[in-house]
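Encoded as structure tokens, the structure appears first; notes follow it.
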There are 2 protein chains.
Amino acid sequence: MKDFRGWGRAILPAMSESTEEPGPSEPSLDEQIAAYQREFRDLDPQVEQVVSALGRLNRRMNVAYGRQVAALGISNAEWEVLKTLVLAGAPYRLGPGELAKRLGLTPAAMTHRIDRMAGEGLVTRDRDENNRVRVIVELTDEGRTKWLEAMRMASDFEEDLLQDLSGDERGVLGELLVRLLRRVEHAQPDAGGRLTDLD
Amino acid sequence: MKDFRGWGRAILPAMSESTEEPGPSEPSLDEQIAAYQREFRDLDPQVEQVVSALGRLNRRMNVAYGRQVAALGISNAEWEVLKTLVLAGAPYRLGPGELAKRLGLTPAAMTHRIDRMAGEGLVTRDRDENNRVRVIVELTDEGRTKWLEAMRMASDFEEDLLQDLSGDERGVLGELLVRLLRRVEHAQPDAGGRLTDLD
DNA sequence: CCTTCTAAGTTTAGTGCTAAAGTCTTCGAG
DNA sequence: CTCGAAGACTTTAGCACTAAACTTAGAAGG
């Protein structure tokens, strides 16, 4: 076999987030929960449903985002950088270290990502004139345009994703997710994996 | 600086899923939504809340899973393989190709992952006697034990995560997530990124 | 000033991944 | 029966990332 036909569009270029697209033979969510229950009696199916659906949903969404931004000629990794710079607000500047922290990368990885993106004209990289140890990464107009295009695609996609949910349901879902998020953000797993409150 | 103290445990060994741990200076969810709205008027804050909370939640959870299974001496990537083999049911066997499809990896990556895991005694790799082109990857007793230990930690963690939600709320959350999941699983984004129904 | 320390980035080595080429077995047609 | 094609991995090349070493600018102390 010359090339892996069948792996075609399933395999995306490297991205910063999970892009695993499960194959078609993956068991359905219900089958999966039933199988785990057979092997592990203590499993709470309600908890497992929430957690597994969250995981699958996110993987599918990341694949979809990757495909969409790829159509704009950027990778998901690059899109993350654009988003972070826009979030910082005008004049859309951050240092490599700060960018690395926010994206959860090492400074080394950031150096290379900025190299690429500067080469593509999405950002500029300059030394800070006031403190020549510091480097300033700034969004170019082209980068800002790319971000806007990607944002438009993403928000259309997200609106479609939630299409089947009523306004009330969207509100409830958002509120429940925010409560879970607070639980993970304001707590750290202890040695046993249990979440211990920090405040 | 000799080593990057401060990047310590935040950076985990490579895993199959997103393990990016956002730094402490990342804006809060509300700040993020407000910032995006300033830059992009068409944004629906309710949709953005759901989607962003989903994304953040998943990233945090993956970091937590990674830390937990690391305590058992396995990586998140290895745990994914163990889960997939257990899901296949006794006698816990699958070929590399099938494993790769279900995990969303290329066969090449699977070859190397199986090498490592066979070296660690978590699985065995043998040629199929009936069809010598095929290879059979089978979970060892040690691999099964590791899976069980990881599963126990994971389900404790998941129970803790949902601790603040009542039974009813868990049910509602699960149901809403399953509906979103169905929407992404039964539809494919078209060229414009819109989801088109397949059935 | 002139060390010494520390912070911010960059460089180097090694890992795990994808894409594509290569190997080996089996199957099917002539 | 033999040859060609297809299937199921494995190997090779190249990329993005982490960990750790290195570089250089500014800060602190004598």
Side-chain angles (χ1 to χ4, degrees), chain A residues 1-21 23 63 66 70 74-78 80-81 94-101 103-119 125-137, chain B residues 1-21 23 63 66 70 74-78 80-81 94-101 103-119 125-137:
Chain A
M1 190 188 256
K2 274 301 158 65
D3 58 352
F4 277 94
R5 265 180 279 279
W7 290 101
R9 291 185 53 77
I11 306 301
L12 297 169
M15 306 195 309
S16 65
E17 301 203 321
S18 170
T19 59
E20 297 184 0
E21 183 171 29
V63 172
I74 62 176
S75 70
N76 224 332
E78 289 172 331
E80 292 292 331
V81 175
L94 285 174
E98 182 60 26
L99 273 170
K101 241 188 294 186
L103 293 172
L105 300 175
T106 57
M110 209 59 235
T111 294
H112 297 308
R113 242 191 228 192
I114 293 166
D115 281 349
R116 270 172 272 145
M117 293 181 71
R125 186 224 307 261
D126 293 298
R127 298 219 87 95
D128 186 335
E129 284 309 318
N130 301 334
N131 182 342
R132 304 189 49 74
V133 180
R134 285 202 145 87
V135 170
I136 296 177
V137 179
Chain B
M1 189 189 261
K2 275 301 158 68
D3 58 354
F4 275 94
R5 265 179 277 279
W7 291 102
R9 292 183 53 77
I11 307 301
L12 297 169
M15 307 194 310
S16 66
E17 299 202 322
S18 170
T19 58
E20 297 185 358
E21 184 171 30
V63 172
I74 61 176
S75 71
N76 223 333
E78 290 172 331
E80 292 292 331
V81 176
L94 285 174
E98 182 60 26
L99 272 171
K101 240 190 293 186
L103 293 171
L105 299 175
T106 58
M110 209 61 235
T111 294
H112 296 309
R113 238 189 233 193
I114 293 166
D115 280 350
R116 270 172 269 145
M117 293 181 70
R125 185 222 307 261
D126 292 299
R127 297 218 89 96
D128 186 335
E129 283 309 318
N130 301 332
N131 182 343
R132 303 191 47 73
V133 180
R134 286 203 146 86
V135 170
I136 296 177
V137 178

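Just so we're on the same page: letters track the sequence lines, and every chain starts at 1. Just the heavy atoms: all of them, side chains too, but no hydrogens, waters or symmetry mates, feed the values below.
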The answer to which of A:Asp128 and A:His112 contacts DNA chain D further toward the 5' end, by nearest nucleotide, is A:His112
Mind listing the closest non-hydrogen atom pair of [X] and [Y] along with its distance?
X        : Y        : value
B:Val133 : B:Arg127 : O-NH2, 3.3 Å
B:Pro96  : B:Val135 : CD-O, 3.4 Å
B:Thr111 : B:Arg125 : O-NH2, 3.7 Å
B:Asp128 : B:Asn130 : OD1-N, 2.8 Å

Of all the choices, [options], which nucleotide is nearest to the side chain of [X] once you look at every atom?
X        : options                : answer
A:Ala109 : D:dC17, D:dA8, C:dT10  : D:dC17
B:Thr106 : C:dT18, C:dC17, C:dT10 : C:dT18
B:Asn131 : C:dT26, D:dT11, D:dA25 : C:dT26
A:Thr111 : D:dT18, C:dG9, D:dT10  : C:dG9
B:Val133 : C:dT10, D:dA8, C:dT18  : D:dA8
B:Arg125 : D:dT10, C:dC17, D:dA8  : D:dT10

Hey, which of these two, B:Ala108 or B:Asn130, hits DNA chain C nearer its 5' end, going by closest nucleotide? B:Ala108
Under-4.0 Å side-chain N/O to phosphate OP1/OP2 contact, [X] with [N]:
X        : N      : value
A:Arg132 : D:dA27 : no
B:Arg113 : C:dC17 : yes
A:Arg116 : D:dC17 : yes

Once you round it to whole Å, what is the distance between [atom2] of [N] and [atom1] of [X]?
X        : N      : atom1 : atom2 : result
A:Arg134 : D:dT23 : CZ    : C1'   : 17 Å
A:Ile114 : D:dA16 : CD1   : C1'   : 14 Å
B:Asp126 : D:dA8  : CG    : P     : 18 Å
B:Ile136 : D:dC9  : CD1   : C1'   : 14 Å
A:Glu80  : D:dC17 : CD    : C1'   : 15 Å
A:Glu98  : C:dG9  : CD    : P     : 10 Å
B:Asp115 : C:dG16 : CG    : P     : 11 Å
A:Asn76  : D:dA16 : CG    : C1'   : 14 Å

To the nearest 0.5 Å, atom CG of A:Leu99 lies from atom CE of A:Met110 at 4.5 Å
Under 4.0 Å, counting only non-hydrogen atoms across every strand here, what does A:Arg127 touch: a base, just sugar-phosphate, or nothing? nothing
